[in-house]
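Working notes, beginning with the structure itself.
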Amino acid sequence: MSTDPLRGRGAYRCGCGATVKVKLRPVFRCVAQGTEGDGCRTRPTVASDGLGIPLCHDHLKAYRSYLDTIDRIKRIDQAVLDAPKLDPRYLENTPEAKRSLRRDLARQRGSMIVYYVRIGNNIKIGWTTNLKQRMTTLMPDEILATEPGEEQLERLRHQQFAHLRVPPGRERFRPDPELLDHVEMLRSHYGPPSETFPPPVAEETGLA
């Protein structure tokens, strides 16, 4: 068989006189980056034809692993978003069920907070799963300190400073040096409260 120059590239003439047309496949190289920072340049595998980009066997395997990882992350993210909806309490749609679910989610996120705020000349000790929302509702004169904890810790603090309680308020206490020292200890250990709404108001109360 010899080439047939009259019919162009890929045309051959058989010894019997018949003309044969051969379709030549272009030669590509893997376009992925090599270990030295330059192009891989390895001959691509046929399995990469469907991707539209030429990749060698090793880079095609790495690319598929990358796609699998992205897909797994998306599934995990979606599972996290759907998790509350799978809880039976989500379907009850009652204030008690919502409150219970909200507490459990806050406990998982570690966002349960015992707070110490100044309201007038007294200190209120309470707890919340959403400090910003609670402070916006409460509107204290100043946020003194916070510590991680929930209802049990709040109850313990109420017992600890029960002798300073201001009647008839169950959660309000006199700004005694004992309580102020505890507040200062919390600020030293956990740092100043990150939430500052409303802004602190400096007054001659010994608490500003």
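Residues: numbered from 1 along the sequence shown. The figures here come from the full heavy-atom set of this structure, side chains too, leaving out hydrogens, waters and symmetry mates.
- Residue V166 is not grouped with residue L144 when hydrophobic side chains (ILVMFWY) are merged at heavy-atom distances under 4.5 angstrom, including chains of intermediate members.
- When every heavy atom of A47 is checked against every heavy atom of L60, the shortest pair comes out as CB-CD2, 3.6 Å.
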Go through I123 and R172 one step at a time and tell me if the side-chain contact (heavy atoms from CB on, under 4.5 Å) criterion holds. CA-CA 5 Å; I123 296 177; R172 300 197 181 193; over 6 Å; no

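- Atom CG of L138 is separated from atom NZ of K124 by 6.0 Å, given to the nearest 0.5 angstrom.
- In this structure, OG1 on T128 lies 6.5 Å from CE on M135, to the nearest 0.5 angstrom.
- The aromatic rings of F161 and F173 sit perpendicular, their planes meeting at an angle over 60°, well past the 30° parallel limit.
- Residue I113 forms a side chain to side chain contact (heavy atoms under 4.5 Å, CB included) with just one option from T146, N130, T129, and that option is T146.
- E150 CD to M112 CE: the interatomic distance, rounded to the nearest 0.5 Å, is 4.5 Å.
- With sequence neighbours excluded, no residue forms a side-chain contact (heavy atoms from CB on, under 4.5 Å) with A62.
- Partners of R155 under the salt bridge (Lys or Arg N to Asp or Glu O under 4.0 Å) rule, at least two apart in sequence or in another chain, are E151.
- Among all heavy-atom pairs drawn from P44 and C30, the shortest one is CD-N, 4.0 Å.
- Residues satisfying the salt bridge (Lys or Arg N to Asp or Glu O under 4.0 Å) test with R157, not counting sequence neighbours, are E147.
- Every pair tested for ring pair (Phe, Tyr, Trp, His ring centres under 6.0 Å) that includes a residue from residues 117-149 fails, sequence neighbours excluded, so the list is empty.
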Under 3.5 Å donor-acceptor pairs involving side-chain atoms of residues 176-185, not counting sequence neighbours:
{"unit_1": "D176", "atom_1": "OD2", "unit_2": "E178", "atom_2": "N", "d": "3.0"}
{"unit_1": "E178", "atom_1": "OE1", "unit_2": "H163", "atom_2": "NE2", "d": "2.9"}
{"unit_1": "H182", "atom_1": "NE2", "unit_2": "Y116", "atom_2": "OH", "d": "3.0"}

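- In this structure, Y190 and P148 have side chains that are in contact, with non-hydrogen atoms separated by less than 4.5 Å.
- Formation of a donor-acceptor pair under 3.5 Å by the T69 side chain with backbone atoms of S65 is found in this model.
- Remark: L156 CG to I125 CD1 distance equals 10.0 Å, nearest 0.5 Å.
- Rounding to the nearest 0.5 Å gives a distance of 9.0 Å between CD of Q159 and CZ of R165.
- E171 is listed as a side-chain neighbour of H158, based on a closest heavy-atom distance under 4.5 Å.
- Between I143 and R187, the closest heavy-atom pair is O-NH1, 4.3 Å.
- For E154, the salt bridge (Lys or Arg N to Asp or Glu O under 4.0 Å) criterion is met by no residue, not counting sequence neighbours.
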